[in-house]
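In what follows, a single structure is set out as structure tokens and then discussed.
All values derive from a computational prediction rather than experimental measurement. Reckoned from all heavy atoms, side chains included, excluding hydrogens, waters and symmetry mates.
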Amino acid sequence: MIAYGFSEYGGPETEYFLDTPIADPGPGQLLVAVHAAGVNPADWKVRAGNRKDTVRTPLPAVLGREVAGTVVQIGPHVDGFSVGDHVFGATASGHGGYAQYTVLNAANAAHKPESVPFTSAATLAVAAGTAYDALDQLGLHKKDTLLVLGAGGGVGSSALQLAHADGIAAIGVASSTKREWVESMRAKFVESGDSFSDEILVVVPEGVDGIFDLVGGDTLRAAAKLAKPGAPIISVADPTLAGSLGGTSVVRDRTAVAFTRLAELVASGVLCPRIDHVFPLEQAGTALALVEDGHVAGKVVLEVG
């Protein structure tokens, strides 16, 4: 099969197309013909060697962590799935999504509703899933106020939508170019920059009930001062700093139950993944470069087959 990956840790020059055998699914696994694959910042960070889990990745490695497709083979000890099922989920360890076929653990896969396109389903496991888990972990209630730092991207925008659905008032900090996008999700927009915390204090002088951080650094430090005493702080971008501020990282729940719930939210219109760019697998390098550039508001997806 054709896949796209990298041969060593480093920059984009290490990426290339591979002609690799189609894997057999092991116990508890599904072999899936990929129809769409999400492209995420985590992908280039893995290639660059910036993530802890890269030490367990044998090289060459196929890129990509989330897909949607059709089950073509089922490994031993799998219940609830059949050949021909349309599914989505997180790729199994040692397998990538930028490929014609990949392997999912059945425990980390869910059935795709027919009303949800493959391209949308392929964006749920990483960005929307992270936001879903963070909101669950924050434990906020109706009429509480949530501050989202870096609200204009795939994770942040999902958090804004999920917060609104739960009756939580959201404040989204993002660049000026993303104002319309943030406000379209019924969140209060605050432009990022040195004075963002002053503007937030005008809106909520008593402080916020929770913070979800996708930026880190000085932005997180400034935001932490806006939190009410005991308010939870969760950071994807800078968990170490969050810990020093009394916060924590996101604990991911990549289970079929969580993914099924996400799909239901999309099917009902509560959650609407924004997809800005769809590329064929043959342009995987271009797609990843666009994400690595860091200026994409919505998701980037590869269409396969």
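- Contact of the Val116 side chain with the Phe88 side chain is not registered, since no non-hydrogen atoms from C-beta on lie closer than 4.5 Å.
- Lys228 has a carboxylate O that lies under 4.0 Å from a charged side-chain N of Asp209, or vice versa, which qualifies the two as a salt bridge.
- Between the NE2 atom of His164 and the CZ atom of Arg186 there is a distance of 4.0 Å, given to the nearest 0.5 Å.
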For Glu15 and Arg47, run salt bridge (Lys or Arg N to Asp or Glu O under 4.0 Å): C-alpha distance rounded to whole Å, both residues' side-chain angles, the deciding distance at 0.1 Å, then the answer. CA-CA 8 Å; Glu15 300 170 12; Arg47 184 214 66 218; 2.8 Å; yes

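- You'll find the side chain of Ile171 reaches within 4.5 Å of the side chain of Thr145, heavy atoms only.
- In this structure, Asp293 places its CG atom where more than 12 heavy-atom neighbours from other residues, nucleotides or ligands lie under 6.0 Å away.
- The two residues Phe189 and Lys178 have their closest heavy-atom pair at CE1-C, 4.2 Å.
- With sequence neighbours excluded, the residues that form a ring pair (Phe, Tyr, Trp, His ring centres under 6.0 Å) with Tyr4 are Phe17.
- Other residues, nucleotides and ligands contribute more than 12 heavy atoms inside 6.0 Å of the CD atom of Glu13.
- The pair Asp276-Arg274 meets the salt-bridge criterion, with a side-chain N (NZ, NE, NH1 or NH2) lying under 4.0 Å from an Asp/Glu carboxylate O.
- Between the side chains of Asp43 and Tyr98, at least one donor N or O sits under 3.5 Å from an acceptor N or O.
- For the pair His35/Thr70, a side-chain contact is recorded, criterion being any heavy-atom separation below 4.5 Å from C-beta on.
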Show your reasoning for whether side-chain contact (heavy atoms from CB on, under 4.5 Å) applies to Gln29 and Leu104. CA-CA 6 Å; Gln29 293 185 327; Leu104 309 182; over 6 Å; no

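- In summary, the side chains of His86 and Glu114 do present a donor paired with an acceptor at a separation below 3.5 Å, with no hydrogens or angles considered.
- Across all non-hydrogen atoms, the minimal contact from Arg252 to Phe259 is NH2-CE2, 4.3 Å.
- Rounded to the nearest 0.5 angstrom, Leu138 CG and Leu162 CG are separated by 11.5 Å.
- Side-chain N or O atoms of Thr14 include none that pairs as donor or acceptor with a backbone N or O of Tyr9 at under 3.5 Å.
- To the nearest 0.5 angstrom, Ile234 atom CD1 is 11.0 Å from Ile211 atom CD1.
- Relative to the six-membered ring of Phe118, Lys112 meets both conditions, a distance below 6.0 Å and an angle of at most 45° to the axis.
- Residues Leu135 and Leu146 are in side-chain contact: their nearest non-hydrogen atoms beyond the backbone lie under 4.5 Å apart.
- Between Ala110 and Ala256 the shortest heavy-atom distance is CB-O, 4.0 Å.
- Residues Leu302 and Val39 are in side-chain contact: their nearest non-hydrogen atoms beyond the backbone lie under 4.5 Å apart.
- Side chains of Val236 and Asp213 form no contact here, defined as non-hydrogen atoms less than 4.5 Å apart.
- One finds the CZ atom of Arg179 at 12.5 Å from the OG atom of Ser184 (value rounded to the nearest 0.5 Å).
- The main-chain N or O of Val126 is found under 3.5 Å from a side-chain atom of Thr130 such that the two form a donor-acceptor pair.
- Checked against Glu66 for a side chain to side chain donor-acceptor pair (under 3.5 Å), the options Asn108, Thr102, Asn40, Thr91 give a single hit: Asn40.
- Within the model, atoms OG of Ser249 and CG of Asp133 stand 11.5 Å from one another, a figure rounded to the nearest 0.5 Å.
- When hydrophobic clusters are built by joining Ile, Leu, Val, Met, Phe, Trp and Tyr residues whose side-chain heavy atoms come closer than 4.5 Å, directly or via intermediates, Leu288 is grouped together with Val34.
- Using a 4.5 Å heavy-atom threshold, the side chains of Ser235 and Leu220 count as touching.
- Judged by distance alone, the side chain of Asp166 and the main-chain N or O of Ala163 form no donor-acceptor pair under 3.5 Å.
- How far CG of Leu271 is from CD of Glu264: 12.0 Å, rounded to the nearest 0.5 Å.
- Counting heavy atoms from C-beta outward, Gln73 and Val83 have side chains that stay 4.5 Å or more apart.
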